[in-house]
Amino acid sequence: MAPLTPALLSVVVPLYNEEDNVVPLTQKIHESLAGYAYQIIYIDDFSKDNTKNVVREMKDGRVHLVELKKNYGQSLALAAGIDYAQGDYIITMDGDLQNDPSDIPQMLSYAVNGEFDLITGIRQKRKDSLVKKIPSKIANFLVRRVTKLDIKDNGCALKVFTKDIAKDLNLYGEMHRFITLLAHLEGAQIKQVPVKHHARHAGVSKYGLERVFKVVADMMLLLFIRKYFQRPIHLFGIFGFLLILLGVLINVYLLIVKLGFGEDIGNRPLLIFGLMFILAGIQLFTIGIVMELLIRTYYESQKKRPYRIKKVSIGGQ
């Protein structure tokens, strides 16, 4: 089949202890992308086994090896690979042979026609243990409920990006789990495509039940970024005002009790709560103001704009 585009493709694959998988994965990528112009970028995330030496020994001109100085985790490994990538389309996938490179041409077709900026896979008949499936289902459910973004499989690593969206992802921490959401926040048009999924060929899975807690923590951060990054005073200011109002009402009530009925209020816990609410409210309101100033500095000092323009037309063209 003739290639869908003459543009350069960059296949970005983070590796951590995948010495037995990297050679067959490379062969599968070559078979799937025959006729295309492409580069394979392996990012060795400070593997403890022989992964990087296996990659070097392949002596394959299409294979690029990026070695990290220490183990940074999958998000920063992906970020390093995407920063290095030179292709007009950037493909990400795992290095454990569970993703199938033969799905790439089908996914690429949706990006080449210009309608979609990100094509993400939905793993069909997942060949994973319950230890991986259960946290994944919980995480997908939480993301859908909290963000209102209907993505069925946030954990699928097989994705095809246009270059501009991939380069603007700003991955850090554990944000690789939310790549689709991050792209959505950048204005990406997203397409979900069913893809094949295989059992792990070799090596050990790096995921467990603790993933759920990390997902919840990262999701709270993303929720803040999504709703309040450009207007933090709306979050901190409203909560601060409500706490101040509650504290004032409590203290007014205690003042009436003291002056109107002559009761002693000095030993009442309610007095302490009233004062705490007022102080906490003032602090939250102050935090909101400080963050507003920081956001303005962030945009103005770097000449950034809090919007993205999709297209400019002149004279109807």
**Student:** Tyr42 versus Val63: any side-chain heavy-atom pair under 4.5 Å?
**Tutor:** yes
**Student:** Please walk me through it: do Thr162 and Tyr89 pass side-chain contact (heavy atoms from CB on, under 4.5 Å)?
**Tutor:** CA-CA 5 Å; Thr162 56; Tyr89 298 97; 4.2 Å; yes
**Student:** Who passes ring pair (Phe, Tyr, Trp, His ring centres under 6.0 Å) against Phe285, sequence neighbours left out?
**Tutor:** none
**Student:** Looking at Ile244 and Ile278, what are the two nearest heavy atoms and their distance?
**Tutor:** CG1-O, 3.8 Å
**Student:** In plain terms, say whether Glu57 and Lys52 are close enough for a salt bridge, that is, a side-chain N and a carboxylate O under 4.0 Å apart.
**Tutor:** no
**Student:** Can you tell me how far NZ of Lys258 sits from CZ of Phe261, rounded to the nearest 0.5 angstrom?
**Tutor:** 14.0 Å
**Student:** Any side-chain donor-acceptor pair under 3.5 Å between Gln192 and Asp153?
**Tutor:** no
**Student:** What's the separation between atom CG in Leu9 and atom CD1 in Ile104, rounded to the nearest 0.5 Å?
**Tutor:** 8.0 Å
**Student:** Output, in order, the C-alpha distance, side-chain angles, deciding distance and verdict of side-chain contact (heavy atoms from CB on, under 4.5 Å) for Ile256 and Tyr253.
**Tutor:** CA-CA 5 Å; Ile256 294 172; Tyr253 163 75; 5.7 Å; no
**Student:** Do you know which of Thr180, Ile90, Val193 makes side chain to side chain contact (heavy atoms under 4.5 Å, CB included) with Lys159?
**Tutor:** Thr180
**Student:** Before you tell me yes or no, could you show the steps for Thr51 and Glu18 under side-chain hydrogen bond (donor to acceptor under 3.5 Å, both in side chains), namely the whole-Å CA-CA distance, both residues' side-chain angles and the distance that decides it to 0.1 Å?
**Tutor:** CA-CA 6 Å; Thr51 298; Glu18 301 289 0; over 6 Å; no
**Student:** Taking Lys152 for its side chain and Gly121 for its backbone only, find out whether a donor-acceptor pair lies under 3.5 Å.
**Tutor:** no
**Student:** Please work out which of the three classes, parallel, tilted or perpendicular, describes the rings of Tyr38 and His30, given edges at 30° and 60°.
**Tutor:** tilted
**Student:** Distance-only, no hydrogens or angles: does the Thr92 side chain make a donor-acceptor pair with backbone N or O of Leu158 under 3.5 Å?
**Tutor:** no
**Student:** Can a donor-acceptor pair be found between the side chains of Asn99 and His197 at a distance below 3.5 Å?
**Tutor:** no
**Student:** Quick one: does Leu65's side chain get under 4.5 Å of Ile41's, heavy atoms only?
**Tutor:** no
**Student:** If you define the side chain from C-beta out and look only at heavy atoms, does anything of Tyr36 sit under 4.5 Å from Leu108?
**Tutor:** yes
**Student:** Identify the two heavy atoms, one from Asp45 and one from Gly73, that lie closest to each other, and give their separation to 0.1 Å.
**Tutor:** OD2-N, 2.9 Å
**Student:** Would you name the heavy atoms of Val112 and Leu4 that are closest together and state the gap between them?
**Tutor:** CG1-O, 3.7 Å
**Student:** Quick one: closest heavy-atom pair of Val160 and Ala111, and the distance?
**Tutor:** CG1-CB, 4.2 Å
**Student:** Taking the side chain from Gln39 and the backbone from Gln86, do they hold a donor-acceptor pair closer than 3.5 Å?
**Tutor:** yes
**Student:** Is there any salt bridge (Lys or Arg N to Asp or Glu O under 4.0 Å) pair reaching into residues 187-199, and which pairs are they, with sequence neighbours excluded?
**Tutor:** Asp103-Lys196
**Student:** Check for a donor-acceptor pair, side chain of Gln98 on one end and backbone N or O of His198 on the other, with a separation under 3.5 Å.
**Tutor:** yes
**Student:** Rounded at 0.5 Å granularity, tell me how far CG in Leu169 sits from CG in Asp83.
**Tutor:** 10.0 Å
**Student:** Looking at Phe46 and Asn71, what are the two nearest heavy atoms and their distance?
**Tutor:** CB-N, 3.4 Å
**Student:** Would you say Gln124's side chain and Ile122's backbone share a donor-acceptor pair under 3.5 angstrom?
**Tutor:** yes
**Student:** Determine whether Thr120 and Met107 make a side-chain contact, defined as any pair of heavy atoms from C-beta on separated by less than 4.5 Å.
**Tutor:** no
**Student:** Would you indicate whether the side-chain heavy atoms of Ile91 and Pro101 approach each other to under 4.5 Å?
**Tutor:** no
**Student:** Can any side-chain N or O of Ser47 pair as donor or acceptor with the backbone N or O of Asp49 at less than 3.5 Å?
**Tutor:** no
**Student:** Quick one: are the ring centres of His64 and Tyr84 less than 6.0 Å apart?
**Tutor:** yes
**Student:** Could you grab the distance from atom OG of Ser102 to atom CD1 of Ile29, nearest 0.5 Å is fine?
**Tutor:** 11.5 Å
**Student:** Would you name the heavy atoms of Ala183 and Leu118 that are closest together and state the gap between them?
**Tutor:** CB-CD2, 3.7 Å
